[in-house]
Protein chains: 2
Amino acid sequence: MPRAGQRPRLVDVAERADVSLATASRALAGRDGVSAEVADRVRRVASELGYVANPYARTLAGGASSTVGLIVHQVDDPYFSEIAGGVIQLAAEQGLLVQICQSGRDPDYELQQLRHLIAQRVGIILISGSGYDDPRVEAEARAELTAFQAHGGRVAAIGRHALGVDAVLPDNEAGGNALAHHLIDLGHRRITVAAGSAGLTTVADRLAGVSSALRQRGMTPADLAVVHGDFTRGGGRAVTEQILNEHPDTTAIIALNDAMAMGVLSALRSRRIPVPGRMSVVGFDDVSVAADLAPSLTTIRLPMTEMGRTALSLALKPRSTRPRRRSTGHLLVVRDSTGPPPTA
Amino acid sequence: MPRAGQRPRLVDVAERADVSLATASRALAGRDGVSAEVADRVRRVASELGYVANPYARTLAGGASSTVGLIVHQVDDPYFSEIAGGVIQLAAEQGLLVQICQSGRDPDYELQQLRHLIAQRVGIILISGSGYDDPRVEAEARAELTAFQAHGGRVAAIGRHALGVDAVLPDNEAGGNALAHHLIDLGHRRITVAAGSAGLTTVADRLAGVSSALRQRGMTPADLAVVHGDFTRGGGRAVTEQILNEHPDTTAIIALNDAMAMGVLSALRSRRIPVPGRMSVVGFDDVSVAADLAPSLTTIRLPMTEMGRTALSLALKPRSTRPRRRSTGHLLVVRDSTGPPPTA
DNA sequence: TTGAAAGCGCTAACAT
DNA sequence: ATGTTAGCGCTTTCAA
């Protein structure tokens, strides 16, 4: 009999439906070996009682954990918060709960968070954000994830390709290429890249796209300067100062994400440098505020919310023999931050 | 003896440290009743083995759950993502994991998410975002939370005062008051409020602050128009159209949060209405992009990240007899979106 | 198709 | 100060 003031347990349901514990469990799990009639009765009683399985007991007894672990670099970065939004949406539709960890773009801390999630026995791990060039870090992460998967865990990555797991991959190289072509078409010949930390694969990939565009248009590496900084707004500001000092003939800045682009715009505004009159600026990601900046930002649109949903949906499917990959496609969104160079 | 390919259990630690299960448990939990020497040995063995307690077993056996449930209206809204950032920060420092749910500003769905978190047996619930005027909803939420607390759960609210739990409360009324004073000081006499949904207590509180400022300055209700819409960017756009049509003599718009203010700015830009030349605009919250908008936004700064941390720290303390309240204070940040009215 | 019973790994009485 | 043992609520053999 149900204890007053306590949540009903499976025994309570079983008793009231006049079946055994095992039958009740089977009926609610939708497994077969239960007559339709009995299964129905059990389910009715369960909902009457407002029964919800205790996830701790269930998981301990060997059932699969129904929680999703999501690792992001930083939740209050719009790129990640939009991804998180997509993950949480789909998770809610599936009755799953999402645990979020921040790595702060520190590979070792990320590894620690990853281990924490595994120790917590989440059922699914979603790892988003750029990977690292450092082979040690990626190898350690791979090792943890492989062991996790061997115990039945499911994994998917977002924007990270060296993990040997299912992945949703933004079109970083093609996007970088498109941005550079756009600027070259406008007449720019002195382009500087405001790049994030050199150790991030996303930075390398986007940069590769930019370089290939220059080559395709017969320009030389000398026409392209690259300045590295933090992959954040603050990094964008700092890098801009450096660009203005060290590459004064620059007419266009390619920021490798929107956060940096916002820093670039902010620094240029402080210096009263007209955009795009004197300097064109482009970003990457198309976070939702990009359209509201001054001037509105030309950038590459990535469907972050959908990327989050897709990653979770990959992880919900049974594991395939070879890792699946989903490319996002990309779209150049031309707004007011780009125009012809001053001399054109 | 530890089983190959499996995580070590507490028994494995106990065996290897040559103590009983109970002693090992006590030692690791830091409870007393264990000699310093033995406790030390147990801890050393545990870390050698890489032992991490199974949270499902621990919780099932009656220990406190170490996960925090956080309910936000929407994670990809900067206001909430900054709060979430603060919560996750402090949680990580404490070794806790955070589960995030979105209510989508739907009171019934919020209730459902709340029940889901309780069913998941989280140890702490943090509920953020405006409350609702509807007494039924607030009463149901209170009832759930009260029951949850009766079973030892801890709760704190952020920006919500009718729940009878510890709360971190932004200075909504004082902030609204400060905004209105700022505009009146500049010479504005025709002010319209772009308000969020009428059912939200945050909207009501901020609006009350605005009204009181007008009264304090000898203005009448006729000098203040209020137009309600969604508490989002889209809502701000829609409301602006309405304001321009129905209150054409308006010289200043008070948006009751930054998201709406961004919509207002966007709509004014489409109409080529100069800000602040023809129309001043203010927001509320000071989300991090507010400084990067065109023009940069005058608004009330709220310390969102800190609010998240404070809420969790309240919940980590033992429950007090009466709910604790922490006010955030507020700061008027004057930027470029406000100036004297056109006729002044 | 159904039931009885043995754990899952841990905490918390209760003994010693 | 330390050990023994009975659960926590569920899933899953194994029997019937």
Side-chain angles (χ1 to χ4, degrees), chain A residues 1-3 5-43 45-46 49-67 118-121 123 151-152, chain B residues 1-3 5-43 45-46 49-67 118-121 123 151-152:
Chain A
M1 139 167 151
R3 302 147 311 166
Q6 301 265 329
R7 321 207 131 258
R9 296 156 305 167
L10 187 53
V11 256
D12 300 322
V13 175
E15 228 162 64
R16 192 132 133 173
D18 201 37
V19 294
S20 75
L21 206 54
T23 302
S25 174
R26 289 181 193 117
L28 293 177
R31 252 164 305 156
D32 45 30
V34 188
S35 71
E37 182 194 13
V38 171
D40 223 58
R41 187 172 70 234
V42 172
R43 275 192 288 269
V45 170
L49 259 44
Y51 170 77
V52 184
N54 179 325
Y56 296 99
R58 182 202 289 264
T59 306
L60 182 57
S65 158
S66 70
T67 90
I118 294 174
Q120 288 281 326
R121 273 77 170 179
H151 290 315
Chain B
M1 145 165 147
R3 303 143 314 162
Q6 302 266 331
R7 322 206 131 257
R9 297 156 304 169
L10 186 55
V11 256
D12 301 322
V13 174
E15 229 164 62
R16 193 133 133 177
D18 202 37
V19 295
S20 75
L21 205 55
T23 302
S25 175
R26 289 182 194 115
L28 293 177
R31 252 164 304 157
D32 46 30
V34 189
S35 72
E37 182 192 13
V38 171
D40 221 59
R41 188 171 71 233
V42 172
R43 274 192 288 268
V45 169
L49 258 43
Y51 169 77
V52 185
N54 180 326
Y56 297 98
R58 183 202 289 263
T59 306
L60 184 57
S65 160
S66 68
T67 90
I118 294 174
Q120 288 281 325
R121 273 76 169 177
H151 291 315

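When reading the values below, keep in mind they use all heavy atoms of this one structure, side chains included, and skip hydrogens, waters and symmetry mates. Everything numeric here is computed off the predicted structure, so don't read it as measured data. Quick note on labels: first sequence line is chain A, next is B, and so on, each numbered from 1.
Heavy atoms only, all atoms of each residue included: B:Ala119 and A:Pro55 are closest at O-CD, 3.5 Å. A pairwise comparison of heavy atoms in B:Asp18 and B:Arg41 identifies O-NH2, 4.1 Å as the closest pair. In this structure, A:Val38 and A:Thr23 approach most closely via the heavy-atom pair CG1-CG2, 3.9 Å. The minimum heavy-atom distance linking A:Tyr56 with B:Ser65 is given by the pair OH-OG, 3.2 Å.
If you take CD on B:Gln120 and OG1 on A:Thr67, they are separated by 7.5 Å, rounding to the nearest 0.5 Å. Taken from CZ in A:Arg7 to CG in A:Asp12, the straight-line distance is 12.5 Å, to the nearest 0.5 Å.
Minimum atom distance to the side chain of A:Ser20 is reached by C:dA4, of the listed C:dC8, D:dT2, C:dA4.
Taking atom CD on B:Glu37 and atom C1' on D:dA1, their separation rounds to 12 Å, with Å as the unit. A straight line from CG of B:Leu28 to P of C:dA12 spans 13 Å, rounded to a whole angstrom. With rounding to whole Å, B:Glu15 atom CD is found 13 Å from C:dG9 atom P. For A:Asp18 and C:dT1, the CG to P distance is 19 Å, given to the nearest whole Å. Atom P of nucleotide C:dA12 and atom CG of B:Leu60 are separated by 12 Å, given to the nearest angstrom.
Between the axis at the start and the axis at the end of the helix from C:dT1-D:dA16 to C:dT16-D:dA1 there is an angle of 40°, using five pairs per end and rounding to 10 degrees.
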At a cut-off of 3.5 Å, list every protein nitrogen or oxygen paired with a nitrogen or oxygen from nucleotides 10-12 of chain D, distance to 0.1 Å.
| unit_1 | atom_1 | unit_2 | atom_2 | d |
| --- | --- | --- | --- | --- |
| D:dC10 | OP1 | A:Tyr51 | OH | 2.5 |
| D:dC10 | OP1 | A:Asn54 | N | 3.4 |
| D:dC10 | OP2 | A:Leu10 | N | 2.4 |
| D:dT11 | OP1 | A:Arg58 | NH1 | 3.2 |
| D:dT11 | OP2 | A:Ser25 | OG | 2.8 |
| D:dT12 | OP2 | A:Arg31 | NH1 | 3.1 |

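In this structure, the side chain of A:Asp40 does not engage the main chain of A:Glu37 through any donor-acceptor pair within 3.5 Å.
For the pair A:Val34/A:Val19, no side-chain contact is recorded, criterion being any heavy-atom separation below 4.5 Å from C-beta on.
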